[in-house]
Amino acid sequence: MPAAAALPVAFTGEVLVPGSPGYDEARAVWNGAVDRRPAYVVRCADPQDVRAAVTVARRLGLPIGVRGGGHSAAGHAVPDGGLMIDLSRMAGVVVDPAARTAQVQGGALLGAMDAATQPFGLATTAGIVSHTGIGGLALGGGVGWLARQLGLLCDNVVGFEVVTAAGELVRASADEHPDLFWALRGGGGNFGVVTRFDVALHDVGTQALSAEVDLRAADGFGALQEWLGGAVDAPRPATFHAEVLAGGPLTLGFVWVGPPDAADPLVARLDALGTPLTRRVEPLSYLDLQRRFDLPTAHGRRRYAKSHLLAELPDAALTAFLAHADAEVGAASLMTYGGAIADVDPAATAFPHRGARFEYDAGAAWDDPADDERHVGTCRALAAGLGPWSTGVYVNAVAESEDAEVRRAYGSSYARLRAVKSQWDPDNVFALNANIPPA
């Protein structure tokens, strides 16, 4: 790529171009298979920088990517030859413990939000990896260990500060631009660059518990059936899960957010499933729970994943899930929904999948580009085994942007989202996402 000319606008933050110190680090994201070279990386310092970046990109006809935590598997943040709006310098969190709210800047990571709120015993739903950015998670819905108690992260956002396609800074809430407020809660990054999220916090304390047993996958069908059969009706502090590792065991367990002793009846149910290969029952802090899946090598490995939302898991679906144990690579998981997620009217936010009872994910991580086709094919084939029971897909798990997959993600909200898109972004300036074309 030839050297980029200087942008015809001044920024408080930093502008990187190919060859600049730090450029390659700035364009690298969680999925190492994404190797694109933006013409400009604008590390914005404030909302005015974001406004200027959107305006100059439009003037120059450059595609726009927006980076929060860089966790999009599809790498939407990195526009080849375009302008990347990097929000990583806008990562502050301000907590009002009396009002039980937090103002979270658009580039903040979930770990920063949890670290700021937990000294007060407060939290809101966040994902299960602390280096995920709040932006992508909240805009797509936002599932985490607190979702069955408190609803999705998007259900707990009470206001957005957003830079629109016209370069304007507006606020969206139930009282201000309610159509945009509705769309931002589940409609992805289609409507602007969110520079601040105002979120409701809840008194959840600081305690948690993780309980798991490993069983032989070959004879784990009955235990899987029994464990997941009661998962959705479990107490709301509990989120049941199941995992199968290629060539490994079947893991069944749950996460409990609250006083650990209150989870004793569920631990007893878990122990009644049979004699495990290994058993892990661990009281831990909520902060440690939120960080336990963090990996020092998280960024840079090549990745692929497929996902389904499921309303039921008949025996044939459970058999298809257990087949992952015979795969050559990767892992598959099931996580329960229900509870407070299902309390919300499907039309109240742009996240429509309130009747889903389980989220299924199959994914793999590897290092050699020569293995791309084989590992991607494995994930697709295994996910196809659960396809007959799929009711949709979580937009944050969409790895490809085919129209059919995008429509499955937005479901019954799709037509209304297109209308809102036509109002706020009629030229589809924000197209690098699970894209909704203007009506």
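Every heavy atom of this structure was used, including side-chain atoms; hydrogens, water molecules and symmetry mates were not.
Figure legend: cation-pi geometry between R185 and F181, with NZ or CZ positioned under 6.0 Å from the six-membered ring centre and within 45° of its axis. Under a cutoff of 6.0 Å and an axis angle of 45°, R416 and W182 form a cation-pi pair.
No side-chain donor-acceptor contact under 3.5 Å links D427 to the backbone of V429. Put simply, the side chain of S88 never gets that close to the backbone of G107: no donor and acceptor are under 3.5 Å apart. At least one donor-acceptor pair under 3.5 Å links the side chain of R148 to the backbone N or O of V232. Proximity of a side-chain donor or acceptor of N31 to a complementary backbone N or O of R303 within less than 3.5 Å is detected. A donor-acceptor pair under 3.5 Å is formed between the side chain of Q290 and the backbone N or O of G127. Using modelled atom types, one side-chain atom of Y410 and one backbone atom of A434 make a donor-acceptor pair closer than 3.5 Å. When atom types are taken as modelled, the side chain of N433 and the backbone of G189 share a donor-acceptor pair closer than 3.5 angstrom. Counting only distance, with no hydrogens or angles, the side chain of T117 and the backbone of L122 share a donor-acceptor pair below 3.5 Å. With R67 contributing its side chain and A26 its backbone, the two residues share a donor-acceptor pair below 3.5 Å. With hydrogens and angles disregarded, no donor-acceptor distance shorter than 3.5 Å links the side chain of D288 to the backbone of L284.
Of the listed residues (H131, H71, H76), just one forms a ring pair (Phe, Tyr, Trp, His ring centres under 6.0 Å) with W30, and that residue is H71.
Interatomic distance, CG of D46 versus OG1 of T195, reported as 9.5 Å (0.5 Å rounding). For the atom pair CD of E212 and CZ of F254, the computed distance is 10.0 Å after rounding to the nearest 0.5 Å. Distance check, rounded to the nearest 0.5 Å: OG of S307 to CD of E359 gives 4.5 Å. With values rounded to the nearest 0.5 angstrom, L153 atom CG is found 9.0 Å from L139 atom CG. To the nearest 0.5 Å, the span separating CG on L334 from CZ on R357 amounts to 12.5 Å. Note: Q149 CD to R236 CZ = 9.5 Å, rounded to the nearest 0.5 Å.
The aromatic rings of F240 and W227 lie parallel to each other, with less than 30° between the two planes, well short of the 60° mark. Using bins of under 30°, 30° to 60° and over 60° for the plane-to-plane angle, the ring pair Y360/F321 lands in the perpendicular bin.
Minimum heavy-atom separation, G69 to L109: CA-CD2, 3.8 Å. Closest approach of P18 to R37, counting heavy atoms only: CB-NH2, 3.7 Å. Contact detail for T125 and G151: the closest heavy-atom pair is OG1-O, 2.7 Å. In this structure, W389 and L310 approach most closely via the heavy-atom pair O-CD2, 3.3 Å. The two residues N396 and G140 have their closest heavy-atom pair at OD1-CA, 3.4 Å. The two residues H324 and A362 make their nearest non-hydrogen contact at NE2-CB, 3.9 Å.
By the 4.5 Å heavy-atom criterion applied to side chains, R171 and E161 are not counted as neighbours. At least one side-chain heavy atom of Y23 sits less than 4.5 Å from a side-chain heavy atom of V41. V194 is listed as a side-chain neighbour of L184, based on a closest heavy-atom distance under 4.5 Å. Two residues are said to be in side-chain contact when any heavy atoms from C-beta on lie closer than 4.5 Å; L83 and L60 fail this criterion. Contact check for T132 versus V129: side-chain heavy atoms found under the 4.5 Å cut-off. Contact annotation: the side chain of V170 approaches that of H177 to within less than 4.5 Å [non-hydrogen atoms, C-beta and beyond]. Taking 4.5 Å as the limit, some side-chain heavy atom of V393 sits within range of a side-chain heavy atom of E405. Looking only at side-chain heavy atoms (C-beta outward), Q48 and L169 come within less than 4.5 Å of each other.
Under 3.5 Å, the side chains of D361 and H308 contain no donor-acceptor pair of N or O atoms. D175 and S173 share no donor-acceptor pair across their side chains, judged by distance under 3.5 Å alone. Remark: the T349 side chain and the R354 side chain contain an N/O donor-acceptor pair separated by less than 3.5 Å. One side chain, S390 or R408, offers a donor N or O that lies under 3.5 Å from an acceptor on the other. There is a side-chain donor-acceptor pair under 3.5 Å between N435 and N190. There is no side-chain donor-acceptor pair under 3.5 Å between E282 and S210.
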**OP:** May I have the step-by-step check of salt bridge (charged side-chain N to carboxylate O under 4.0 Å, His left out) for D24 and R27, ending in yes or no?
**Re:** CA-CA 5 Å; D24 284 328; R27 71 184 182 89; 2.9 Å; yes

Original post:
Please walk me through it: do D155 and F351 pass side-chain contact (heavy atoms from CB on, under 4.5 Å)?
Top reply: CA-CA 9 Å; D155 300 332; F351 183 92; over 6 Å; no

**OP:** Starting from the C-alpha separation in whole Å, work towards a yes-or-no answer on ring pair (Phe, Tyr, Trp, His ring centres under 6.0 Å) for F358 and Y337.
**Re:** CA-CA 5 Å; F358 303 94; Y337 278 36; 8.8 Å; no

Subject >> Step-by-step side-chain contact (heavy atoms from CB on, under 4.5 Å) determination, L270 to L266 >> reply: CA-CA 6 Å; L270 188 65; L266 292 184; over 6 Å; no

Subject >> Working for side-chain contact (heavy atoms from CB on, under 4.5 Å), residues V78 and M84 >> reply: CA-CA 6 Å; V78 193; M84 176 197 284; 3.7 Å; yes

Original post:
Between D198 and V104, is a side-chain contact (heavy atoms from CB on, under 4.5 Å) present by the stated rule, with each step listed?
Top reply: CA-CA 6 Å; D198 296 342; V104 187; over 6 Å; no

Original post:
Does the pair R407 and D403 meet the rule for a salt bridge (charged side-chain N to carboxylate O under 4.0 Å, His left out), with working shown?
Top reply: CA-CA 6 Å; R407 286 175 180 265; D403 182 64; 2.8 Å; yes

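D49 and R43 are not joined by a salt bridge, as no carboxylate oxygen comes within less than 4.0 angstrom of a charged side-chain nitrogen. We find that R292 and D294 are not joined by a salt bridge, their nearest charged nitrogen and carboxylate oxygen being 4.0 Å or further apart.
Aromatic pair F430/F191: centroids not less than 6.0 angstrom apart.
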